[in-house]
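Notes follow once the structure below has been shown.
Note that the structure is predicted; figures quoted are calculated from it, not measured. In what follows, chains carry the letters A, B, and so on, assigned in the order in which the sequence lines appear, proteins first and then strands, with residues in each chain numbered from 1.
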Amino acid sequence: MSNQNKEKNESDVTEELTRVNDNIWDIPTSHAYGMNVPGRLFLSEKLMGTIDKETVNQVANVAMLPGILDYSMAMPDVHLGYGFTIGGVAAFDEEEGVISPGGVGFDINCGVRLMKTNLLKEDATPHMKILTENLFKKIPSGVGSKGEFKVTDTELTEAFLHGSQWAVEAGYGIESDTKNCESYGFMEGGNPDTVGTKARKRGRPQFGTLGSGNHFLEIQYVDKIYDPVAAAAYGLEEGQVTVMIHCGSRGAGHQICTDHLQTLNQAVKKYKINVPDMQLACAPAKSKEAQDYFDAMKCGANYAWANRQIIMHWTREVFEQFYGKDTDALGMELLYDVAHNVAKYETHEVDGKKQDVYVHRKGATRAFPAGHPEVPQQYRDVGQPVLIPGSMGTPSFVLKGGPNSMSLSFGSACHGAGRLMGRGKAKGSMNGEAIQEELARQGITVRAEKASVIAEEAPSVYKNSDDVVDVVDSLGIAQKVARLIPIGVIKG
DNA sequence: ATGTGC
């Protein structure tokens, strides 16, 4: 696209928006016929240049769904997605509203966990080649990857029901792991009967695999502390080595989404719901169709939590073997684990009244503030850890749920840098090997299944994560605690 | 994101 065209597009975007303040832009209901509420974009002026008309229209489309509350919202990492944007937050009334798989995404409970160690940067950097190689061998990655690790059908059912609680009980972890996890590692009420045989068949051999695309396992170090009090509560210090795991529910979640989209396509007709785009297929929240999807989604979410738990367990084994010390001696404790593709039934204040709503977070992270009862006890005084992975080779951030998240965004923040360029285009225009060499010069060892993944995930095809994080920080939605710099990356 | 596209 020429610069001139780009500028034209940008001005076209803001023309139809109402600026509320430095970081909030509203899409008035006059933008399109049928909007029940306005849209709301959390974007700085700089990031406004990263979005296009189509993205604004997707946010507006979601505002047309029945029973949507307050605003159809978009976080600063927003970009085009299936029906709903990635970076979208939408809450629905349980009586008037709907549940939609498009508002969750295909990769149910794609998410991030952060494991601490008591190693220092200097303990790890000289060994990055061998550590990344060992991790790469231990943790299967890539599209369609399967491991030697096998679960039985009964174990799969247990995982669908109990997530990482099951994984820890089965021996893949320690007790504190589930304590330091969003929803304590599982969503209550998953119903394996709503998960089809195909999803089971795809999910079984993929347990304990990383996947591909933007999923990664990364060895990092803390290079900056912004908030010493919160950092102390989280157990983070400058120079400390951490391990971040970013992955989801693999083929299982994907198939659950695909299967239920079919049912919900029918439901749109059955319940005569006016949807501007069939990718927004949904059903009334209390209908059997919606609840069946929701119960299957919980199984997908639980699968993902168990998956990240198992991968962390193997990471510990690799570190234990390499350093000749056990998990306890190496301080390999889970800091936290967040879902960033999920719908949750939560209590929020709407128009001054408390009510139970279905919050859809698609490419958005829960960010509950200090004092919220769902923040684990040990973090309750500072707020929930909000983990924001960078794109490959760029910094990740630890934030804390901010004081304004409940009033501004149904307790939600951004989830990452956000793509600027589509996968296909990136694959065509980027050179994976060259990027790998450049990252090596920056002191980052990347071990990947194939070079094309590195091209797809090149840092330059993403927004700048600092810019994204600064918006939620300025708004008091989630506030910066620490910055993490990668030194070793495993990619599918 | 994905047993990777019409």
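Between A:Lys491 atom NZ and B:dT4 atom P there is a gap of 19 Å when expressed in whole angstrom units. Atom CD in A:Glu456 sits roughly 8 Å away from atom C1' in B:dT4 (whole-Å rounding). Taking atom NZ on A:Lys425 and atom P on B:dG5, their separation rounds to 19 Å, with Å as the unit. Rounded to an integer number of Å, the gap from CG of A:Asp259 to C1' of B:dT2 is 13 Å. One interatomic measurement links the two molecules: CZ of A:Arg250 to P of B:dT2, which rounds to 5 Å at whole-angstrom precision. Going from atom NE2 of A:His215 over to atom P of B:dT4 covers 17 Å, rounded to whole Å. Rounded to an integer number of Å, the gap from A:Glu449 CD to B:dT4 C1' is 14 Å. To the nearest angstrom, P of B:dT2 lies 11 Å from NZ of A:Lys450.
Contacts of A:Gln206 with the nucleic acid, taken as non-hydrogen atoms under 4.0 Å apart, involve only primed sugar atoms and P, OP1 or OP2. Contact annotation for A:Lys198: base contact, defined as any heavy-atom pair under 4.0 Å involving a base atom. Within the 4.0 angstrom heavy-atom criterion, no nucleotide atom of any strand lies near A:Ser249. Residue contacts shown for A:Gly213 are limited to sugar-phosphate atoms, with no base heavy atom under 4.0 Å away.
Not a single salt bridge (Lys or Arg N to Asp or Glu O under 4.0 Å) links A:Lys201 to another residue, sequence neighbours left out.
For A:Phe186 and A:Tyr303, the gap between ring centers reaches or exceeds 6.0 Å.
Residue pairs meeting the ring-ring contact (aromatic ring centres under 6.0 Å, His included) criterion with at least one partner in residues 52-91 of chain A, sequence neighbours excluded, are A:Tyr82-A:Phe106.
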Q: Given salt bridge (charged side-chain N to carboxylate O under 4.0 Å, His left out), test A:Glu333 with A:Lys179 step by step and report yes or no.
A: CA-CA 11 Å; A:Glu333 201 180 61; A:Lys179 198 178 70 183; over 6 Å; no
